[in-house]
Structure formats: structure tokens, C-alpha cells
Amino acid sequence: MNSPLPSPEQTASGQFRAEYARRMNAVLDHIDRHLDTPLDLAQLADVAHFSRFHFHRVFAAWMGETLGDYARRRRLETAALRLACRPGETILDIALATGFGSGEAFARAFKLKFGCTPTAWRAGVAAKNAAMLAAMRLRLRRQDSNPDQAMRNPGQENGPNFQHHDDSNPLHRESPMQVTILDLPPASVACQRHIGPYGPAIGAFWRDTVAPWMQSHGLADAVCYGIGHDDPSITPPDKCRYDACVAVPDTFQSGGRASITTLPGGRYAVAQFKGQASAIADAWTRMTREWLPASGLQWDERPCFERFSAATAMDPATGEFSCEICIPVRPL
């Protein structure tokens with residue numbers, strides 16, 4: 001039995017909500033690009049094309065937190081990522097780059113949110129990275145000294161302790177990642193945003209929202225980019241932002257549902273992924289914690305993304321997902 005077609009009123013309502021989301025997402029992107037400067041409420045209202053008088057109330061109703069709380073959270077989350085990914089950057093430089101007037105003010109706010117000082121946070125990340133690299137090297141040395149060991153069931157190595165290892169360190173059972181450094185050109189893309197937990201909800205967003213839109217705009221075979229803007233270990237899951245982006249011609253008109261932007265080109269570290277979609281988070285973790293610290297490179301401000309072909313990304317026979325994991329890099 002066919003589902004009833006939406007009424008004109010429902011169609012119009014969906015279009016209005018999409019336009020509302022597009023405007024609010026423009027504000028969120030503007031805030032992220034200007035974390036090092038004071039945020040002007042009137043300017044943000046102008047970015048959204050909303051009333052200056054009511055904008056603060058509109059923002060709080062849409063995001064579930066006030067503008068001040070949102071900006072403070074984003075500054076601290078961005079600082080935490082920079083502490084982890086940029087070991088050569090001083091804590092004071094990170095504080096100033098994320099809008100704090102002094103190292104002392106930054107340290108107080110950071111400890112209030114994360115329960116430790118920025119120095120302790122960075123030391124903890126470094127210790128975790130060192131432990132993971134040491135485990136990988138030990139694993140490789142054992143295989144070199146006993147080639148037969150590489151063919152054994154990983155669950156046999158240490159007895160029953162490995163019986164429940166779905167969330168264990170993936171470096172104990174996987175080979176080093178193969179990463180290529182590529183210079184990618186800029187890409188014009190149409191983006192639709194999902195705010196909420198990563199995981200199965202992202203697949204549903206692509207399937208139920210983005211794919212029908214792509215079909216209706218003749219983009220079924222387009223190159224796609226998935227951009228997770230937040231680290232779910234830092235950002236509350238219900239606040240995590242994800243952009244589903246589709247490559248489009250420069251003259252493309254989205255009709256309002258999608259925002260048109262340009263993914264910046266430049267140097268990226270690129271790793272191939274193929275497997276169940278549930279395993280891609282581990283691949284990102286391995287690339288960040290295993291490969292990046294030993295590469296002589298670091299993240300820069302451009303977005304990282306997963307790049308894939310809409311037509312071939314999913315293998316219907318195996319359910320495996322294929323994509324390229326792309327991290328923007330610059331020298332340490």
C-alpha cells in the first residue's frame with residue numbers, strides 16, 4: 001500500500017524548517033570561525049537574518065542552551081582537541097586562539113568543565129598515545145620473533161582476558177595503517193546537517209534524508225563527504241554536529257534545503273577504510289593516535305572528512321562500507 005503524499009501544508013512546513021535550520025547552522029559555523037574574538041549578538045542575528053531583538057531567545061530554543069553557554073562549550077572543546085593534536089603549540093597560544101584573555105582564565109574554565117588542568121589533559125593524552133604505540137611495537141616484535149604467532153587466533157594469546165574485546169585497543173590485533181599524503185583540490189558541496197549522536201543515526205540520516213534529496217536533484221552518483229565536527233568523547237552526544245555533503249557543480253542551486261559551501265583544498269593524510277560502518281570510529285582513533293603522532297605532521301583548522309562514492313560505497317552483499325578517511329595536515 002502506497003504511503004499518502006504529504007499535503008501542501010506539510011510540504012511548506014518542511015521547507016520552512018529546512019530554511020530555519022540552514023540559517024541557524026550558518027550561525028554555528030560563524031561562531032566556530034571566530035572563537036578567538038568576542039561574539040556580537042547583533043552580528044550573529046544578521047548572519048541568520050533574524051530579528052536582533054529576539055535572536056538570543058530563538059538561539060536558546062533551537063539549540064537547547066544559551067548563546068553564551070554554547071560559545072563557552074565550543075571554545076573549551078576546541079581547546080581540548082588542540083591540546084591533544086598539537087603538541088608543539090603552547091597552552092597560552094591555545095587559550096588565546098580560543099577566545100580566552102589569559103592562561104589563568106583558560107585554566108580555570110578548563111578545569112571546571114573537564115576536571116583537570118590543560119597541562120594534565122595534554123599529559124594524559126601523551127601517555128595514552130605512548131602506551132598505544134608501545135603496545136603496537138611489542139606486538140610487532142613478538143610476531144618477528146615468532147612468525148607462527150601472527151597466524152594464531154588473537155583470543156588465544158592471553159587466555160580468557162581477550163574473550164570480550166569488542167571495545168579493546170584495536171592496535172593489539174591490526175596491522176599498521178597505510179596512509180598516503182595527497183594534495184586535494186577544493187570541492188563545491190551541498191551540505192545538510194544532523195545534530196545528535198553519531199553512529200546508526202548518521203546512516204539513517206543519509207538513507208532517509210540525504211539520499212532522496214540526491215535522487216531528486218540528479219546527484220545519485222556524486223562524490224560524498226561526511227564531516228563530523230565534534231569529538232563525542234568531549235562533546236555531549238546530543239550536541240555533536242555532522243554534515244552530509246555532496247559534490248555539486250559551481251552553478252548548482254539547492255532550493256534552500258542544503259547549504260552550499262566549499263571544502264578547502266590542500267594537503268591531507270588519507271587512509272582507505274573498508275568494513276562494517278560500526279568499525280569506522282576505531283579507524284579514526286587508530287589514525288589519530290597511532291599514525292599521526294609518528295608522522296611529523298599535525299591537524300590544521302580545515303575540516304576532516306570521510307570521502308566516498310554514493311554509487312559504490314556500500315556493498316549490498318557484505319554490508320561493508322568503503323571510504324577514504326581524510327585528515328588535513330601541516331608540519332609540526
Working for side-chain contact (heavy atoms from CB on, under 4.5 Å), residues L44 and F50: CA-CA 9 Å; L44 293 177; F50 284 138; over 6 Å; no
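- Test T235, D243, D32 against H229 for side-chain hydrogen bond (donor to acceptor under 3.5 Å, both in side chains) and you get one pass: D243.
- Minimum heavy-atom separation, P232 to C240: CA-SG, 4.0 Å.
- V189 is not connected to L28 by any chain of hydrophobic side-chain contacts under 4.5 Å among Ile, Leu, Val, Met, Phe, Trp and Tyr, and they are in different clusters.
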Extract all donor-acceptor atom pairs below 3.5 Å that involve side chains of residues 199-220 and protein atoms in other chains or at least two apart in sequence.
unit_1: W206; atom_1: NE1; unit_2: Y242; atom_2: OH; d: 2.8
unit_1: S216; atom_1: OG; unit_2: P212; atom_2: O; d: 3.4
unit_1: S216; atom_1: OG; unit_2: W213; atom_2: O; d: 2.8
unit_1: H217; atom_1: ND1; unit_2: W213; atom_2: O; d: 2.9

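- Under the 3.5 Å distance criterion, the side-chain polar atoms of T78 are left unmatched by any main-chain donor or acceptor of R75.
- Taking NZ of K113 as the reference point, atom CH2 of W121 lies at 9.5 Å (rounded to 0.5 Å).
- Formation of a donor-acceptor pair under 3.5 Å by the R122 side chain with backbone atoms of L83 is found in this model.
- Side-chain heavy atoms closer than 4.5 Å link hydrophobic residues (I, L, V, M, F, W, Y) into clusters, and following such links, even through other members, never connects V223 to I260.
- Side chain to side chain, D69 and T66 meet the donor-acceptor criterion of an N or O pair below 3.5 Å.
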CA sep, side-chain torsions, deciding dist, call: E65, R72, side-chain contact (heavy atoms from CB on, under 4.5 Å): CA-CA 11 Å; E65 56 188 330; R72 187 178 305 107; over 6 Å; no
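- Between I227 and C245 the shortest side-chain heavy-atom distance falls below 4.5 Å.
- The hydrophobic cluster containing V58 also contains L41, counting ILVMFWY residues as joined when their side-chain heavy atoms lie under 4.5 angstrom apart, directly or transitively.
- D238 CG: more than 12 foreign heavy atoms inside a 6.0 Å radius.
- Put simply, the side chain of S322 does not reach to within 4.5 Å of the side chain of D315, judged on heavy atoms.
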F59/Y70 under ring pair (Phe, Tyr, Trp, His ring centres under 6.0 Å): CA gap, chis, key distance, verdict: CA-CA 10 Å; F59 185 95; Y70 176 83; 5.7 Å; yes
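- Closest non-hydrogen pair, D300 versus V329, comes out as OD2-O, 3.9 Å.
- The 12-atom threshold is exceeded at CZ of R73, counting heavy atoms of other residues, nucleotides or ligands nearer than 6.0 Å.
- Note that the CG atom of N25 and the NE2 atom of H194 stand 12.0 Å from one another [nearest 0.5 Å].
- Outside the 6.0 Å centre-distance limit, the rings of F308 and Y225 are not counted as a close aromatic pair.
- Between atom CE of residue M287 and atom SG of residue C326 there is a gap of 7.5 Å, rounded to the nearest 0.5 Å.
- Here CG of L35 is found 10.0 Å from NE2 of H30. Values are rounded to the nearest 0.5 Å.
- Scanning all heavy atoms of the two residues, the minimum distance from I327 to C304 falls at CA-CB, 4.2 Å.
- Note on W284 and L297: same hydrophobic cluster, where clusters join Ile, Leu, Val, Met, Phe, Trp and Tyr whose side-chain heavy atoms are under 4.5 Å apart, directly or indirectly.
- For the pair T262 (side chain) and P264 (backbone), a donor-acceptor distance under 3.5 Å is absent.
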Step-by-step side-chain contact (heavy atoms from CB on, under 4.5 Å) determination, R330 to R267: CA-CA 7 Å; R330 62 182 175 90; R267 182 149 294 189; over 6 Å; no
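- Remark: D230 engages R241 in a salt bridge, criterion side-chain N to carboxylate O under 4.0 Å.
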Donor-acceptor pairs are to be reported for all side-chain atoms of residues 88-111 against protein atoms at under 3.5 Å, with residues two or more places apart or in another chain.
unit_1: E89; atom_1: OE1; unit_2: R82; atom_2: NE; d: 3.4
unit_1: E89; atom_1: OE2; unit_2: R82; atom_2: NH2; d: 2.7
unit_1: T90; atom_1: OG1; unit_2: D93; atom_2: N; d: 3.0
unit_1: T90; atom_1: OG1; unit_2: D93; atom_2: OD2; d: 3.1
unit_1: T98; atom_1: OG1; unit_2: I94; atom_2: O; d: 2.7
unit_1: T98; atom_1: OG1; unit_2: A95; atom_2: O; d: 3.3
unit_1: S102; atom_1: OG; unit_2: A105; atom_2: N; d: 3.1

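- Using a 4.5 Å heavy-atom threshold, the side chains of S259 and D29 count as separate.
- Put simply, the side chain of Y198 does not reach to within 4.5 Å of the side chain of I280, judged on heavy atoms.
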Full working for side-chain contact (heavy atoms from CB on, under 4.5 Å) between Y268 and D183: CA-CA 6 Å; Y268 286 81; D183 288 315; over 6 Å; no
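- Remark: W291 CH2 to I325 CD1 distance equals 12.0 Å, nearest 0.5 Å.
- At a cut-off of 3.5 Å, with distance as the only test, no side-chain donor of Q272 or Q178 sits close to an acceptor on the other residue.
- F273 is connected to I181 through a chain of hydrophobic side-chain contacts under 4.5 Å among Ile, Leu, Val, Met, Phe, Trp and Tyr, so both are in one cluster.
- Looking at every heavy atom in both residues, A258 comes nearest to Q192 through CB-CG, 3.9 Å.
- Between the CE atom of M24 and the CD1 atom of I195 there is a distance of 8.5 Å, given to the nearest 0.5 Å.
- Listed for the R302 side chain is a donor-acceptor partner under 3.5 Å among the backbone atoms of G265.
- With contacts defined as side-chain heavy-atom distances shorter than 4.5 Å, the pair L67/I31 qualifies.
- Nearest approach of K239 to M63, heavy atoms of both residues: NZ-O, 2.6 Å.
- Ion pairing between a basic and an acidic side chain is recognised when a charged N comes within 4.0 Å of a carboxylate O; D40 and R52 show no such pairing.
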